[in-house]
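A short worksheet on the structure shown next.
Order of appearance sets the numbers: ligands from 1, and atoms from 1 within every ligand. Residue indices begin at 1 and follow the sequence shown.
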Amino acid sequence: MRQRVILWTAVLAVMGWMSYGIWRGEAAAALERSRAGEVSAPEEAVKEQKLIALTFDDGPHPVYTPMLLDGLKERNVKASFFLLGGNIEGNEEVVERMAEEGHLIGNHTYSHVQLTKISPEEAEREISGTNEKILAASGVLPRYIRPPYGEWSEQLEAMTAMEPVFWNVDPQDWKVLDRKAVADHIIKHGADGAVVLLHDSYETTVEAALEVIDTLEKQGYTFVTVDELLVD
Ligand code: NI
């Protein structure tokens, strides 16, 4: 009995030593590869994947939204637009253009109400009335909603099939109204996975957004629509 225990202990010790040797050999080879700068291709690709979503609320605006769409088209960049149903009338062509050019169109209620402060029936009207306007103008039925003031509730969640989209970078463009200040804020706080809150109702915002794209693309960022960040 005692001899068997000793024998098995010896066998396990030898196996352990062998696997340590194999591991050490692999580790040394990997270290050598990385020293030689030969980091494997898939790792590199994952590291380089830095995604940012620019989102624009409160539109469409008859002047600044087309100006922004022109700039995005020139740069082949897609953005996300959360529209107010009440702003669509008379701007249907702008909404149609958003869809045609591959941007994501979402809902921002009909009249910019705080959904948690009104009755569920009113909230339902605010949401579906906007979806109908977007569908009629673009042929697209929105799936995402940006609740005004970021106010959402479990009741709303249960009531509608729409997915709320919030943000994690807010340069307060509507208040700052300064191209450089807005752009600097986004460039400073921009990181992989950032969802930037902007409003396409101001010329300063349009200029800032385009400047941000030009700057961050040089740093290896890719601009995507929010659905591409939400799906992981
Ligand atoms: Ni808004």
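- Aromatic ring centres of Tyr149 and His112: separated by under 6.0 Å.
- Checked by atom type, the side-chain pair His61/Asn87 shows no donor-acceptor distance below 3.5 Å.
- Among pairs with a residue in residues 118-141, none fulfils ring pair (Phe, Tyr, Trp, His ring centres under 6.0 Å), at least two apart in sequence or across chains.
- Shown here are the protein N/O/S atoms lying under 2.8 Å from the Ni ion (ligand 1), water excluded: Asp58 OD1, His108 NE2, His112 NE2.
- Applying the side chain to side chain donor-acceptor pair (under 3.5 Å) rule to pairs touching residues 158-170 yields Arg143-Glu163, sequence neighbours excluded.
- The closest side-chain donor-acceptor pair between Asp200 and Thr65 falls under 3.5 angstrom.
- Scanning for side-chain hydrogen bond (donor to acceptor under 3.5 Å, both in side chains) contacts around Glu132 gives an empty result, with sequence neighbours left out.
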